[in-house]
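Within every chain, numbering begins at 1; the chains are lettered A, B, ... in the order of the sequence lines, protein sequences first and strands thereafter. The model shown is predicted, which means the values in this text are computed figures rather than measured ones.
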Amino acid sequence: MDKKYNHKAIETKWQKRWEQAGVLRPEEMRKAKKPFYNLWMFPYPSAEGLHAGHAFASTGSDVQGRYQRMRGRHVFQPIGFDSFGIHSENFAIKIGDTPQNMLKRTTATYTRQLKSLGHGYDWTRTVTTSDVDYYRWTQWLFIELFKAGLAYKKKAVVNWCPSCKTVLADEQIMTPAQAGKIPAGYKSLEEVPAGVRVCERCGSIPEQRELSQWFLRITDYADRLLTNLNKIDWSERVVKAQREWIGKKEGIKISYPIEGHDATVVCFTTRPDTNFGATFVVVSPEYAKDHLLKLVPEELEQNVSKYIETSLSKTEQQRQTEEKIKTGVFTGLYAINRLNGYKMPIWVSDFVLAGFGTGAVVGVPGHDKRDFEFARTFNLPVVRVVVGPDGDTSEITNLQKVREEGEGVMINSGFLNGLGVDEAIVDIVDYIEKKGWGKRETAYHLRDWLISRQRYWGPPIPMIYCEKCAKEGRSWFSEQTAQSENSSSLEGPRHSGGASQSRRISRTEPLHADQSDWESAGWWPEENLPVELPEISDFKPKGEGQGPLADHPEFYETTCPACGAPARRETDVSDTFLDSSWYFLAYPNVDTKAYQQSLRGYGKQSTVKSAKNNSRSISPLDPKVSSKWLPVNLYFGGAEHAVLHLMYARFVTQALHDLGYLDFEEPFPRFFAHGLMINDGAKMSKSRGNIVNPDTYIEKFGADTLRLYLMFMGPMDGSPDFRDSGIEGARRFIARVWNLYVDYDSSSSKSLEAPINIGAARISAVDESKLTVKLHQTIKKVSKDMESFSYNTALAAIMELVNAMRDNPKDINREVLVDLCKLLAPFTPHLCEEIWCEILGEEFSVHLSTWPQFDPKKVIEDTVAVALQVNGKTRSIMKVAIDQSQDKEALAKLARENEKIKYYIEGKNAKEIVVPGKIVNFVF
RNA sequence: GCCGGGGUGGCGGAAUUGGUAUACGCGCACGACUUAAGAUCGUGUCCCUUUGGGGAUGUGGGUUCGAGUCCCACCCUCGGCACCA
């Protein structure tokens, strides 16, 4: 028995042993029991290797897994690599290597690092998204979505990152602060004007380009993504973020006739009750160009055209960052408000967004700040409407002025009748609908998911284009799905599953419906998957709107599966978030026949069948395995993915559910958002150069010390600051624990070899030693804290127990030694295994042992400290025997006899308030 | 601007949800051991103090026998959304 604590020897020894024995693999998973699927968001293997932030998060997940295993659960804890994508590719370019080569090194590094942390992953079931065996199924997923009408191509104004040379999804554009990047041309974050958005990856300001791109119709699921949020147990801030991002708004689309023309202008509003105060209509430049320009009187036409052209020449970015002074031009047209016959002048202004609602807004300056500013700028009248029972419930600060200056006219819509605003809105919407002047609408902030990337390192989108089919007016893919419904739709066959059928207006509506370039597109038959990503040397992005694969005829030249004519492959690859939208479904399936089946040569008929009745003819998901192993019981990850990965994964899961592949809708019923680790008060990032590499600490102190320190630093959902000095404390604690066992072993080896019959004849709690009471209190506290991820306080309690043991060495017995070892096992697995097997002589492994139970009788102490207060201020503390502590009168009597209290209440007519077992408060 | 989280010692952070504020750890100081340094162990450590006490949980009010915790107003800070109709 080595008396000195040698972390290296201990840790390598047990890591090997665990792996050999398969301790951390749920052996029986295929049998009756449902496993506890404990998942940490898989990392992308960056060239820098795992940093302390990863170590913090993954340890938090592993601690929970080990705890659950000791609680008797069948823990399945897999790991993999999110290796496809721009991040990996960019780095490969930077170091002048291919992504393939680089990944061989980086995944090896990550594997080594994750193993060295002692995490209990099941390494026999793992996925790497850039493996052909994985991404052929990502391609299958795309095809499934396409066949369901959930994938389509459209020409749209999209975000183009000039540095990454590809388009990006809306979710991948954020504020510089969120991205942690300062865009070029600015020195600090503070300098960057509000409204500037940057590429999540590189911090460049994206340009607007009109390109034809592949989208996934996530907006069809907006409603379910929203309502299901009520059914899942997630960190509140993530739920909020998702809700905001989906941004559901109920309202009404109202048509206003244009005076003197057989035309209308259509506006969306959520507050039709204020419509009586409408004094003008404003339309976006885009709306004006498409719908109104032809109606504008000749004398104004030049003026209006000029304004439109100037506005359109600016990018959205410019329009938003420019000073928010209202500009606009009158069209000479009037819209009639049929509620009151008011003639509203129609204006064009760039403050109205083309992409939201209809692109036209009814101006109610009495109730909207922006409308008010516009009215002020152009001297339009302001009318206020009585909108609440007590006058006005929608007070807008600037509008105070209107009242004070007597500018506004108050009118009563007559729609209130003593009702609240919400009821009044329902009333008026009903009224307008009945009259046929408008229609209820639901608008969402969520837009469809743009997944095309003009890059190399991703799964090629498995689609092909056939010119011959196009010329002959033949849409060959629709023949494939001839038996499926709605195949005539422009955007492919409409999905008819459980998705919301309500039409929506949102930015997803194509501005220019032009599908001519993909009318003949069809999927590469599943039986011929994968569409393999060729190894090429010129894989750098060119930035010409096409990916590098477009330079490789040997890749894109193919024959049309429908007519046999020469055809062209899609040369874009898909977004890396598509890879990660289903990886958690793959883990339990990777060793199944379903997942491993070769797609090549699979019967063609079954493809048609699968499109028709959603039979599971080809699928990586074994239904039996999926229903037993899924969904994920506990998902552990960063909140930064709130509107990215988590939203996409939910969407894909819901879609696969509707297609009959899964029997649940929500992939992660429980999600815990851990915080982001900071260092020297700043977010850990490569650009700041403050990355902490766990290797150094594992080498010097050991994985157990690092794990202990990381978990003790602060709450799991906080942002702990990594400090070198703190880790020394963790190391000291481990050494003290180790010495406790070693010392006890050598001083009284007898009692260790002969286990005491725990739980045997003990008469009452009073007879227990103080240490036993402390132990049971600790078990109680730690068990509770483990459930809520309060690892820092759990460890504080364990430290208190250790301190108590050191203070009362004579009271130490086998029970406390055994239980302490178990309590600490999730945090310091190697140390505890060594103690368990080598010192305590118990059977391998502590991680398969049973979590200790506390005895309610033993958590009670024989004396209770009662605080003595005078007028609410604590003046003394009194120790009272447990049987007296509940007796109000006895407590009061004892308290009055206390010397300190006597001093304070002498000669006063003091009344006491007694809280049994807690407090005696004297009041006068 | 709107929505949400949060302000507690020199530092990271506790506080059974209205009942002994500052647990646990870091740091620091002193002591023991040591030729010495380090490691280790021990003691102390919210602030002021005339050693009787007094004052402290961002600021100011309120409710209560009693407030870090509840209510009102304000300040600061961190996140989400944002010319979204």
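Using N1 to N3 plus N6-O4 or O6-N4 for Watson-Crick, or N1-O2 and O6-N3 for G-U wobble, each under 3.5 Å, B:rG79 pairs with B:rC3. Pairing for B:rA39 is absent, with no Watson-Crick or G-U wobble pair whose two atom distances lie under 3.5 Å.
Distances from the side chain of A:Ile913 to the nucleotides B:rC65, B:rC81, B:rA85 place B:rC65 closest.
Using a 4.0 Å heavy-atom cutoff across all strands shown, A:Glu800 reaches sugar-phosphate atoms only and no base atom. As judged by a 4.0 angstrom heavy-atom cut-off over every strand, A:Asn792 is placed among residues touching the sugar-phosphate backbone only. A:Arg731 comes within contact range of no nucleotide atom at all, as no heavy-atom separation falls under 4.0 Å. Residue contacts shown for A:Ala241 are limited to sugar-phosphate atoms, with no base heavy atom under 4.0 Å away. No engagement by A:Lys781 is indicated, since no non-hydrogen atom pair under 4.0 Å with the nucleic acid exists. At the heavy-atom level, A:Arg370 lies under 4.0 Å from base atoms of the strands shown. Among the protein residues, A:Arg732 comes within range of the sugar-phosphate backbone only, with heavy atoms under 4.0 Å from sugar or phosphate atoms but none that close to a base.
Counting non-hydrogen atoms of neighbouring residues, nucleotides and ligands closer than 6.0 angstrom, the NZ atom of A:Lys780 reaches no more than 12 such neighbours.
Atom pair A:Lys918:NZ and B:rA21:P shows a separation of 13 Å (rounding to whole Å applied). What separates CE of A:Met174 from P of B:rG80 is a distance of 8 Å, to the nearest Å. Residue A:Asp717 contributes atom CG, which lies 9 Å from atom P of B:rA14 at whole-angstrom precision. Counting to the nearest Å, the P atom of B:rU20 and the CD1 atom of A:Ile919 are 5 Å from each other.
Contact between A:Arg447 and A:Thr219 at its shortest, heavy atoms only, is C-CG2, 3.6 Å.
Of the listed residues (A:Tyr709, A:Phe56, A:Phe722), just one forms a ring-ring contact (aromatic ring centres under 6.0 Å, His included) with A:Tyr697, and that residue is A:Phe722.
Residue A:Lys326 places a side-chain atom within donor-acceptor reach of the base of B:rC83, judged by atom type and a 3.5 Å distance cut-off alone.
Classification of the A:His291-A:Tyr287 ring pair by plane angle, with boundaries at 30° and 60°, yields tilted. Using a 30° and 60° split on the angle between ring planes, A:Phe374 and A:Phe280 fall in the tilted class, from 30° to 60°.
When the side-chain nitrogen and oxygen atoms of A:Asn921 are compared with OP1 and OP2 of B:rU20, none of them lie within a distance under 4.0 Å.
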